[in-house]
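As structure tokens, the structure follows; a few thoughts come after it.
Since this is a predicted model, take the numbers as computed values, not measurements.
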Amino acid sequence: EEFGMPVGTAVTGKMVAALRRLGFAKVYDTNFAADLTIMEEATELLSRIKNNGVLPMITSCSPGWVNYAELNYGDLLPHLSSCKSPHEMYGAIIKSYYAEKEGIDPKNIYVVSVMPCTSKKFEAQREELSVNGLQDVDAVIIAMPDHWHAPAAIMAMQAGKHVYLEKPTSHNPAENELLMRAALKYGKVVQVGNQRRSWPNVQAAIAEIHAGNIGKVRYAKSWYVNSRPSIGVGKVAPVPEWLDWDLWQGPAPRREYKDNIVHYNWHWFWHWGTGEALNNGTHFVDLLRWGLQVGYPTKVDSIGGRYHYQDDWETPDTQLITYQFGDEAACSWEGRSCNSQPVDNQGLGVAFYGEKATLYLSGGNDYKICDMKGKVIKDVQSQLQFEEGNLLNPSEALDAFHFRNWFDAIRTGAKLNSDIVEACISTQLVQYGNIAQRVGHSLDIDPVSGRILNADREVNQLWGRKYEKGWEPKL
């Protein structure tokens, strides 16, 4: 239903097709492993009954309550089943039974677990669950609400996993610093979901800019527009039976459940989300940085607000963020969440204004170059298209390039197209804009460290966040 589909719509086939397009040789449903877990736990239960073992026995299929018991109720540990959860059990079977049947060295099998449960990432770090030095799961994909991105990625790296981290890298700049330190400390391969860095024609477009084909670029702009409806005024409501509200909130301080937060509207609450700027702006500010070959800016400002509806939406629905990079260049990002009038005939995109020509990226895998009079002198199209309006995955066919780059980096040491350092800088540029918007004044930035030079108490509070006790990310 998050993607506008009727409740109960079967999407298994779509998921399998998408994963195969991303390059996976085999795709398996963990429902089978859930059945195995039941069988294993039933066997263990019968053994406990026969041998006067500890009863009652509590299932261990959720690592969340295993961890909770370990931290809070040590006296209950003997009651927990010793079985792994389904995704770990499946990984173990793949690297043992399946490997033997197919004649494959388990060291050459790479297992990626796609799971909605955050606690599975905690389970993956437990050394006692590895066999012969082989982990059941080698990498994790993190596509959770923004407030979970950095803490979950750090947990995964600490567990020895490579990470594919959806953008934005973090909820706040302090978490960017933690992420970069974690990647250095744990030596894991971390690719961030700025997937346009792997799209062939976008790469070619940026190469045109770097080669000087449109002349020196001093200014570039980017934009994203939409027609999002009001989210209304939420009412305190019972937590749905399918939602673990405590785990969903995770590192964020606890709040009452309201009926207009989950699934998507959390984006517009500062407590969990980061607004349209980081929801979509991150992609395009990253392209600006890439094309202009710049790092941290020297000055950032933002104007805008929540104008279109009187509701619970807290972040701007209209925002213009401007960036200055000393005397070298300037750029901007414009976001309109509730007015979809296109810019330069495109609902999303980037324009680089050179001394000889202008290069336009539409947001898809194509670009065009216009001369100083506006005449199109080069038009590069692609058969693989960004499907504007596709809520499920508008760039599904193109994203395979980005995942393949991640796999190659893990297997062969190939250079990542969107490594954690570059992605954290791009994310932080947009976070500067949100901070400037919220404090009501421009920010002066140290272009070397990325720190805010004119930080006051309010700015410093927004540099990081308060965490729920016991959930603070640590290295």
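In this pair, His402 and Tyr164 present their aromatic rings perpendicular. The plane angle is above 60°, beyond the 30 to 60° band. Using cut-offs of 30° and 60° on the angle between ring planes, the pair Tyr257 and Trp245 is perpendicular. The aromatic rings of Tyr264 and His267 sit tilted relative to each other, their planes meeting at an angle between 30° and 60°.
Put simply, the side chain of His149 gets close to the backbone of Glu166: a donor and an acceptor are under 3.5 Å apart. Judged purely by atom type and a 3.5 angstrom limit, Asn434 uses its side chain to pair as donor or acceptor with the backbone of Thr274. The main-chain N or O of Asn194 is never found under 3.5 Å from a side-chain atom of His283 such that the two would form a donor-acceptor pair. With hydrogens and angles ignored, the 3.5 Å screen pairs a side-chain donor or acceptor of Asn365 with a backbone N or O of Asn201.
A heavy-atom distance below 4.5 Å is found between the side chains of Trp333 and Gln319. Counting heavy atoms from C-beta outward, Lys368 and Leu359 have side chains that stay 4.5 Å or more apart. Contact check for Tyr90 versus Asp29: no side-chain heavy atoms found under the 4.5 Å cut-off. Side-chain contact between Leu320 and Trp223: absent, with no pair of heavy atoms (C-beta onward) separated by less than 4.5 Å. Side-chain atoms of Leu475 and Lys185, non-hydrogen and from C-beta on, do get closer than 4.5 Å to each other. Counting heavy atoms from C-beta on, the side chains of Phe352 and Tyr360 never come closer than 4.5 Å.
For the pair Glu458 and Arg438, the salt-bridge criterion is not met [side-chain N within less than 4.0 Å of a carboxylate O]. Salt bridge present: Arg306 and Asp311 bring a charged side-chain N and a carboxylate O closer than 4.0 Å. At a threshold of 4.0 Å, the pair Arg451-Asp446 does not count as salt-bridged, since none of the basic side-chain nitrogens sits closer than that to a carboxylate oxygen. The pair Glu276-Arg228 meets the salt-bridge criterion, since a charged nitrogen lies less than 4.0 angstrom from a carboxylate oxygen. Ionic pairing of Arg196 and Asp399 is not present here: no N-O contact between side-chain nitrogen and carboxylate oxygen is shorter than 4.0 angstrom. At a threshold of 4.0 Å, the pair Arg465-Glu472 does not count as salt-bridged, since none of the basic side-chain nitrogens sits closer than that to a carboxylate oxygen. Ion pairing between a basic and an acidic side chain is recognised when a charged N comes within 4.0 Å of a carboxylate O; Lys161 and Asp138 show no such pairing.
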May I have the step-by-step check of ring pair (Phe, Tyr, Trp, His ring centres under 6.0 Å) for Trp268 and Trp313, ending in yes or no?
-> CA-CA 5 Å; Trp268 324 125; Trp313 184 312; 4.3 Å; yes

Run the side-chain hydrogen bond (donor to acceptor under 3.5 Å, both in side chains) check on Asn176 and Gln431 step by step: do they pass?
-> CA-CA 10 Å; Asn176 288 329; Gln431 289 169 341; 2.9 Å; yes

Take Asn226 and Ser337 through the test side-chain hydrogen bond (donor to acceptor under 3.5 Å, both in side chains) and record every step on the way to the result.
-> CA-CA 5 Å; Asn226 206 326; Ser337 301; over 6 Å; no

Apply the test side-chain hydrogen bond (donor to acceptor under 3.5 Å, both in side chains) to residues Arg336 and Thr318: give CA-CA distance (whole Å), side-chain angles for both, the deciding distance (0.1 Å), then the verdict.
-> CA-CA 5 Å; Arg336 284 181 277 115; Thr318 305; over 6 Å; no

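Considering Trp270, Trp248, Trp471 as possible partners of His147, the one that fulfils the ring-ring contact (aromatic ring centres under 6.0 Å, His included) test is Trp248.
Judged as a side-chain contact (heavy atoms from CB on, under 4.5 Å), and not counting sequence neighbours, the contacts of Glu256 are Val236. Among residues two or more places apart in sequence or in another chain, the side-chain hydrogen bond (donor to acceptor under 3.5 Å, both in side chains) test is passed with Tyr467 by Glu175.
Ring centroids of Phe24 and Tyr110 are separated by 6.0 Å or more, keeping the two rings apart.
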